[in-house]
Amino acid sequence: MKTTGNTILITGGGSGIGRGLAEAFHQLGNTVIIAGRREFVLRDTTAANPGMHYITFDTSNAHSITTAAADLKTRFPQLNVIINNAGMQRVFDFSANEAPDDAAIQEEINTNISGVLRMTTAFLPQLKLQPSATIVNLSSGLAFVPIARYPVYCATKAFVHSFTMSLRLQLQNTSVSVVELAPPWVKTDLDATHTTPTAHEGMSPMPLNDFIAAAMQELSSNEVELKVAGAKYLYAGGISDRLYATFEQINH
Ligand SMILES: NC(=O)c1ccc[n+]([C@@H]2O[C@H](COP(=O)([O-])OP(=O)(O)OC[C@H]3O[C@@H](n4cnc5c(N)ncnc54)[C@H](OP(=O)(O)O)[C@@H]3O)[C@@H](O)[C@H]2O)c1
């Protein structure tokens with residue numbers, strides 16, 4: 001994708017990978033708007049990056065997204081990139097005597113699946129008006145091979161991968177291109193409450209700065225399915241190229 005001259009909305013842009021991407025795009029001179037639920041986090045990030053904008057909204061809530069889309073359409077009519085980065089990860093044990101908490105499962109699905117769907121529905125009309133626009137969806141290497149500790153999370157990321165493929169094909173004759181960015185394990189707050197140094201045997205998280213440098217390099221290419229570092233390994237282990245030949249076959 002073009003990495004300059006854009007107006008970019010990044011959900012979850014106040015921390016972790018979202019903040020890293022927001023700062024990298026901001027440094028390249030793009031107009032960057034970050035979004036999230038915690039206003040103080042967004043305020044801290046914009047204060048550290050003069051000229052960056054923020055808006056508070058909750059991507060797990062349909063009304064919150066449509067209100068934000070209407071607001072941003074007025075304030076930033078030139079908005080041409082959305083990065084669906086907001087996400088959450090929980091541990092569930094279906095073998096335990098106590099059933100996994102349904103509300104917690106639904107919250108994860110609402111954020112990681114419904115959030116991406118509703119962001120797409122809400123912002124596509126504005127993106128289609130632009131001469132060149134991009135939707136970037138954050139999946140994960142775990143979309144291709146799950147870690148069973150995170151059974152719902154991994155399935156939501158498989159959803160993001162699948163939905164992104166379909167959306168890309170449906171929008172192929174529009175001005176909107178659709179990019180998937182699949183990170184490896186990166187050191188952020190995503191798993192801060194539930195990981196341990198030995199949570200994933202033989203693996204260690206990629207430092208955030210290294211990931212952002214690699215991700216920006218991938219994003220500046222013309223490729224649309226971007227797998228960074230360990231995500232390439234999981235992809236190769238989980239999916240063969242035959243999937244894509246079959247996908248072509250059943251879509252034509
Ligand atoms: N870190 C990894 O190892 C890794 C690997 C593969 C993929 N990813 C994906 O990368 C993305 C970013 O993850 P991260 O590691 O940067 O996680 P993080 O450090 O926990 O940051 C997540 C961000 O999303 C925001 N967010 C969460 N729920 C939200 C909601 N309902 N509405 C609006 N904002 C919401 C949070 O802000 P508020 O709490 O203030 O709303 C926070 O800024 C996620 O989609 C994650 O699945 C991460």
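Order of listing sets the numbers, starting from 1, for every ligand and every atom in it. All residue numbers in this chain count up from 1 along the given sequence.
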Next on the checklist: Please give me the minimum heavy-atom distance between Phe144 and Ala182, naming the atom from each residue.
Outcome noted: CE1-CB, 4.2 Å
Checklist entry - Which protein residues have a heavy atom under 4.0 Å from ligand 1? => result Gly12, Ser15, Gly16, Ile17, Gly36, Arg37, Arg38, Phe57, Asp58, Thr59, Ser60, Asn85, Ala86, Gly87, Thr111, Leu138, Ser139, Ser140, Tyr153, Lys157, Pro183, Pro184, Trp185, Val186, Thr188, Asp189, Leu190
Show me the side-chain donor-acceptor pairs of residues 34-44 shorter than 3.5 Å, one per line, residues at least two apart or across chains.
{"residue": "Glu39", "atom": "OE2", "partner": "Tyr54", "partner atom": "OH", "Å": "2.6"}

Checklist entry - Any donor-acceptor pair under 3.5 Å linking the side chain of Ser175 with the backbone of Ser132? => result no
Next on the checklist: Set out, in order, the CA-CA distance, both residues' side-chain angles and the distance that settles side-chain hydrogen bond (donor to acceptor under 3.5 Å, both in side chains) for Asn84 and Thr11, then state yes or no.
Outcome noted: CA-CA 6 Å; Asn84 287 315; Thr11 64; 4.6 Å; no
Checklist outcome for this item: Residues at least two apart in sequence or cross-chain that pass ring pair (Phe, Tyr, Trp, His ring centres under 6.0 Å) with Phe163, listed by chain then number, are Phe159
Next on the checklist: Give me each pair satisfying ring-ring contact (aromatic ring centres under 6.0 Å, His included) with a member in residues 68-90, each pair once, sequence neighbours excluded.
Outcome noted: His53-Phe76
